[in-house]
Amino acid sequence: MEWLFLFHTSIIYFCHMNYESNAFHQTRVQLVKVLNATFKLNVEEEELQLQLTRKEFEGDVTLVIFPLAKKVGKNPEAFGAEIGSALQNQFNELETFNVVKGFLNLKLKDSFWMNEFLSIHNQANFGIQQQNSKERIIVEYSSPNTNKPLHLGHLRNIFLGYSVSELLKANGHQVTKVQIINDRGIHICKSMMAWKLFGNGESPESSGLKGDKLVGKYYVVYDKQFKLEVEQLVADGLSKEDAELQSAIAQGAREMLIKWEQKDEETLALWNKMNGWVYDGFQVTYDTMGVDFDKLYYESDTYLLGKEWVMKGLDRGVFFRKDDGSIWIDLTDEGLDQKVLLRRDGTAMYITQDIGTAMLRFEDFPDTSFQIYTVGNEQDYHFKVLFKVLKKLGVAQAERCFHLSYGMVELPEGKMKSREGTVVDADDLMNEMNQVARQVSEEQGKLEGLSSEEREALHKMIGMSALKYFLLRVDPKKNMLFDPKESIDFNGNTGPFIQYGYVRTQAILRKVDFEIDQNPIHDLSPEERDLIQKIVEFPQVLQDAQKGFNPSLVAVYAYDLVREFNTFYQNMSILREPDAAKKGFRLKLTEKVGEVVKNAMGILGIQMPNRM
RNA sequence: GAUCUCGUAGCUCAGCUGGAUAGAGCAUCUGCCUUCUAAGCAGACGGUCAGGGGUUCGAAUCCCUUCGGGAUCACCA
């Protein structure tokens, strides 16, 4: 019973039967009864403002009285007390209530929470839904150029895209993960030209360099040579502009692009060879990251289709041609500008390719109900234009495209700049994280009995969790800061902290070599209540996170849950508890916490170790 | 110049469609390992929510404005 909605503001809402926890739901129902019967208020369920009771007050659920008091013209505090007493008479699950200012705090009985827990405990993978949607959602992420290796910005992009995909799946959607690879254009021709001139046949095999690094190296070689030539030509009396045009290596690169478009055999062979190196290199990086794709798209396959559609638009009169031959769309009545769609020389641009790619995807997956582009917020304007273009071309799915726009990762000095060498390389960073994980693990010395392979795998798991969590715990929409000088923390609000909590649950469960007592218990400690209440929130968190395409909510939730568990763990006995029923209950609680933490972190693409 | 975004503790970040005394982590300081893994727990310190107006029972949150960062407005991608 769920479907997708889109408003023309391009903000989308995934609408469900709006989920809320049983505690909220029951309280709401009872409150409406009382308010309508006893106080003749005629309120609807939705208009009651319920919230979790803040820690400093006694209670579980809080009703905000102000709006209701206003309605009947009563003093909020007095009215709250009246509602509380009336509720007490008929709501069986209510233990006590108290009123503070305009807030009615309701405390539910331990038996209620106990039953909540038992019903949850019986659900395998609580909160995670089986696929229940026939329609497909396409999630695009990564979209690299093939002339240089992946960097920190890509890491945020890729972890985010992967995580949103997992989040959608956890909410029951069918997801297809795609990557668009920008494999053609002047950028790769530059690397090719430099390699041809200075490479002496260097290959990943001959040099031991990772393929993407090798091609990236020649991109830098190109840039150096280009600058050198320009400098020389300027010294010879040319203007900078002319010098840039006449630079031999630049001319070579442009000629290569033309030859490529003419399908020149030798050029294509070189292009295939060098792109192949890059793909091999990328694959290594993706493997380390632990992400994958269901289908790959290459711009070399889609730019021609894009051109075709631009011509179709021209025929249909939704685009127009200027005197110089370039083709445009006029979006001034939409509050945007006129935009070029095809150059005067007829060659494709960025947006031309994107039109083609979109069209190809709709052909490949006619059952697509929604498409998500994970691309940085510097391209907000581009995607506004793209979606308008698709709409003008009469593509129904244009209404169902969404730009998942995320903020930049900035360094203390500001934006990463490849020319200034301030780019944080993805492989280097991941490697460094694993080193730190190894160092910390060795200091802790808790890994006796594990083989060196097992240890390596563990270090990687821990290092990656630190990195992924660091990037995913921040609201995707916001820019964030990464300081390479301070390595990412392993304590506090971090991935390893959460893994550690999980490891504790498993360490305890491993020791259970007896029949767990199934008898119910009748009173709960504050720690146990808090923990149950936290677990119960999980489905709500998944729903909210999906609504905003915001995995950081899941990250924060996992952290909060583990913190609650640590408090419980550190203040109560589990295996040493003498009362068999209590011990049994605490073990079940521990088990459920482990499951939920693992599933929550799984949505972030973070694995849980069994020991560390 | 136009449009968009952000400004919360020394630092990095939470704060949901307006609700209680604005919360975490890091850093600094104090306790807690003969008891289930101390990558932990308990506590202290730390705030004019950039400034100013407005809307109302109530504003970090909504509106206006000033200041200060960032992004975009290419026949680049």
Side-chain angles (χ1 to χ4, degrees), chain A residues 49 51 53-57 62 64-67 69-70 76 100-103 105 143 145 147 182 185-187 299 322 324-328 335-337 339-347 349-354 376-382 384 405 407-408 410 412 414-415 437 440-441 443-444 446 462 466 470 473-475 477-483 486 489-501 503-512 540 544 547-548 550 552-553 555-556 559-560 562-563 566-577 586-587 590 611-612:
Chain A
Q49 288 188 42
Q51 52 190 252
T53 305
R54 299 179 63 137
K55 274 261 157 86
E56 60 263 39
F57 304 105
T62 293
V64 184
I65 305 295
F66 300 101
K70 199 172 183 179
V100 181
K101 296 188 182 172
F103 300 88
N105 301 319
S143 38
N145 289 354
N147 62 322
N182 190 6
I186 193 72
H187 55 276
E299 292 194 336
K322 287 198 176 173
D324 63 10
S326 56
I327 298 178
W328 294 67
L336 304 174
D337 296 326
K339 299 294 297 182
V340 192
L341 301 179
L342 204 58
R343 292 194 186 97
R344 89 181 84 171
D345 62 6
T347 56
M349 319 175 48
Y350 183 51
I351 194 160
T352 323
Q353 301 176 152
D354 275 358
N377 63 11
E378 52 196 355
Q379 295 191 32
D380 285 354
Y381 188 75
H382 169 75
K384 264 188 203 165
S405 163
M408 300 290 99
E410 285 165 353
K415 214 181 161 182
V440 175
S441 285
E443 279 166 17
Q444 299 277 344
K446 294 175 182 173
I462 296 168
F470 179 84
R473 60 170 261 244
V474 179
D475 185 337
K477 289 193 290 297
K478 296 192 178 171
N479 289 359
M480 64 181 294
L481 190 120
F482 173 79
D483 189 346
E486 302 175 19
D489 236 297
F490 280 53
N491 299 316
N493 189 355
T494 66
F497 171 97
I498 296 168
Q499 289 179 316
Y500 188 71
V503 163
R504 281 176 153 176
T505 65
Q506 301 311 294
I508 288 174
L509 296 171
R510 267 199 302 274
K511 293 183 178 153
V512 176
Q540 181 79 52
D544 291 347
K547 214 182 269 178
N550 184 358
S552 79
L553 298 179
V556 167
Y559 173 66
D560 286 342
V562 167
R563 244 183 352 149
N566 280 338
T567 300
F568 162 78
Y569 173 91
Q570 212 105 12
N571 293 307
M572 317 219 73
S573 299
I574 302 172
L575 289 167
R576 289 191 309 268
E577 167 59 45
R586 286 175 196 167
L587 281 168
T590 300
R611 45 184 295 197
M612 66 190 278

- Task: For A:T347, answer base if it contacts any base atom (sugar-phosphate contacts may also be present), sugar-phosphate if it contacts only those atoms, and nothing otherwise; contact means non-hydrogen atoms under 4.0 Å.
- Result: nothing
- Query: Would you say A:N479's side chain and A:M408's backbone share a donor-acceptor pair under 3.5 angstrom?
  - Reply: yes
- Stem ranges of RNA chain B by first residue number, counting only runs of at least 3 Watson-Crick or G-U pairs under 3.5 Å, come to B:1-7 with B:67-73, B:10-13 with B:23-26, B:28-32 with B:40-44, B:50-54 with B:62-66
- Of the nucleotides B:A20, B:C13, B:C36, which has the atom closest to the A:V100 side chain? B:A20
- May I have the distance from A:R473 (atom CZ) to B:G15 (atom P), rounded to whole angstrom? 11 Å
- Message: The side chain of A:R343 is closest to which nucleotide in this list: B:C57, B:C76, B:C36?
- Response: B:C76
- Shortest side-chain distance from A:H382, nucleotide among B:A20, B:A77, B:U56: B:A77
- Query: Between the side chains of A:R504 and A:N566, does any donor sit under 3.5 Å from an acceptor?
  - Reply: yes
- Atom pair distance, as rounded to whole Å: OH in A:Y500 and P in B:C41: 10 Å
- Note on the structure: When rounded to the nearest 0.5 Å, the distance separating CD1 of A:I351 from CG of A:L341 is 6.0 Å
- Across the strands shown, which category fits A:V556 at heavy-atom distances under 4.0 angstrom: base, sugar-phosphate, nothing? nothing
- Looking at every strand, decide which applies to A:Q499 at a 4.0 Å heavy-atom threshold: base, sugar-phosphate, or nothing. nothing
- Message: Between B:A14 and B:G25, how far apart are the two C1' atoms, rounded to whole Å?
- Response: 10 Å
- Item | CA sep, side-chain torsions, deciding dist, call: A:S552, A:V474, side chain to side chain contact (heavy atoms under 4.5 Å, CB included) | CA-CA 6 Å; A:S552 79; A:V474 179; 5.8 Å; no
- Query: Can a donor-acceptor pair under 3.5 Å be found between the side-chain atoms of A:T62 and the base atoms of B:A20?
  - Reply: yes
- Query: When the distance from CG of A:D489 to P of B:C11 is rounded to whole Å, what number comes out?
  - Reply: 17 Å
- Task: Send over the distance from A:I498 CD1 to B:A39 C1', rounded to a whole Å.
- Result: 12 Å
- Item | Nucleotide B:A71, atom P - distance to CD of A:E410 in whole Å | 8 Å
- Query: Rounded to the Å, how far apart are A:N377 CG and B:C73 P?
  - Reply: 12 Å
- Atom pair distance, as rounded to whole Å: CZ in A:R563 and P in B:G40: 12 Å
- Side chain proximity check, A:M349 to A:L342, heavy atoms < 4.5 angstrom: no
- From B:C41, B:C26, B:A71, pick the nucleotide closest to the side chain of A:F497? B:C41
- Task: Please work out if A:D380 contacts a base, only the sugar-phosphate, or nothing of the nucleic acid, heavy-atom cut-off 4.0 Å.
- Result: nothing
- 5'-most contact on RNA chain B: A:K70 or A:T494, nearest heavy atom basis? A:T494
- Please figure out whether A:M612 or A:T567 has its closest RNA chain B nucleotide nearer the 5' end. A:M612
- Message: Can you tell me which nucleotide in B:C36, B:G19, B:C41 comes closest to the side chain of A:Y569?
- Response: B:C36
- Looking at every strand, decide which applies to A:D544 at a 4.0 Å heavy-atom threshold: base, sugar-phosphate, or nothing. nothing
- Message: The side chain of A:K101 is closest to which nucleotide in this list: B:C41, B:U12, B:A20?
- Response: B:A20
- Query: Contact class for A:K477 vs. all strands (heavy atom < 4.0 Å): base, sugar-phosphate, or nothing?
  - Reply: nothing
- Message: Could you go through A:T590 and A:T505, starting from their C-alpha distance and side-chain angles, then the distance that decides it, and tell me whether this counts as side-chain hydrogen bond (donor to acceptor under 3.5 Å, both in side chains)?
- Response: CA-CA 6 Å; A:T590 300; A:T505 65; over 6 Å; no
- Reckon A:L481 touches a base, only the sugar-phosphate, or nothing at all at heavy-atom distances under 4.0 Å? sugar-phosphate
- How would you label the contact of A:D354 with the nucleic acid (heavy atoms, under 4.0 Å): base, sugar-phosphate, or nothing? nothing
- Message: If I pick the P atom on B:A71 and the same atom on B:U65, what distance separates them, to the nearest angstrom?
- Response: 24 Å
- Task: Classify the nucleic acid contact of A:P67 as base, sugar-phosphate or nothing, counting any heavy atom under 4.0 Å across all strands shown.
- Result: base
- Task: Provide the distance between the two P atoms, one in B:G51 and one in B:U8, to the nearest whole Å.
- Result: 10 Å
- Message: What contact category does A:Y559 fall into here, base, sugar-phosphate, or nothing, at under 4.0 angstrom with non-hydrogen atoms?
- Response: sugar-phosphate
- Item | A:N145, nearest nucleotide to its side chain (from B:A77, B:A38, B:A74) | B:A77
- Partner set under ring pair (Phe, Tyr, Trp, His ring centres under 6.0 Å) for A:F490, not counting sequence neighbours: none
- For atom C1', what is the distance between B:U21 and B:A60, given to the nearest Å? 15 Å
- Among B:C36, B:C26, B:A77, find the nucleotide with the atom closest to the side chain of A:N182. B:A77
- Message: Measuring only the P atom in each nucleotide, how far is B:A74 from B:G18? A whole number of Å is fine.
- Response: 37 Å
- Item | Carboxylate-amine/guanidinium contact A:K477 A:D475, below 4.0 Å | yes
- When the aromatic ring centroids of A:F66 and A:F103 are compared, is their separation below 6.0 Å? yes
- Look at all strands and tell whether A:Q49 reaches a base, only sugar-phosphate, or nothing, counting heavy atoms closer than 4.0 Å. base
- Task: Give one of base, sugar-phosphate or nothing for A:Q51, where a contact means two heavy atoms less than 4.0 Å apart.
- Result: base
- Message: I want to check one thing: is the phosphate of B:A20, taken as OP1 and OP2, less than 4.0 Å away from some side-chain N or O of A:K55?
- Response: no
- Message: When the C1' atoms of B:A44 and B:U3 are compared, how many Å lie between them, rounded to an integer?
- Response: 48 Å
- Looking only at heavy atoms, which two atoms of A:N491 and A:T494 are closest? And how far apart? O-CG2, 2.9 Å
- A:G407 to A:N377 - nearest heavy-atom pair and separation: CA-ND2, 3.5 Å
- Task: Return the nearest nucleotide to the side chain of A:F490; candidates are B:A39, B:U12, B:G19.
- Result: B:A39
- Query: When only distance counts, do a donor and an acceptor, one from the side chain of A:D560 and one from the base of B:A14, lie under 3.5 Å apart?
  - Reply: no
- Message: Using a heavy-atom cut-off of 4.0 Å across all strands, would you classify A:Y350 as base, sugar-phosphate, or nothing?
- Response: base
- Task: Figure out the CZ/P separation between A:R611 and B:G40, and round it to whole Å.
- Result: 19 Å
- Query: Mind checking the P distance from B:A38 to B:C33? Whole angstroms is fine.
  - Reply: 12 Å
- Task: Mind checking A:R576 for me? I need base, sugar-phosphate or nothing, with any heavy atom below 4.0 Å counting as a touch.
- Result: base
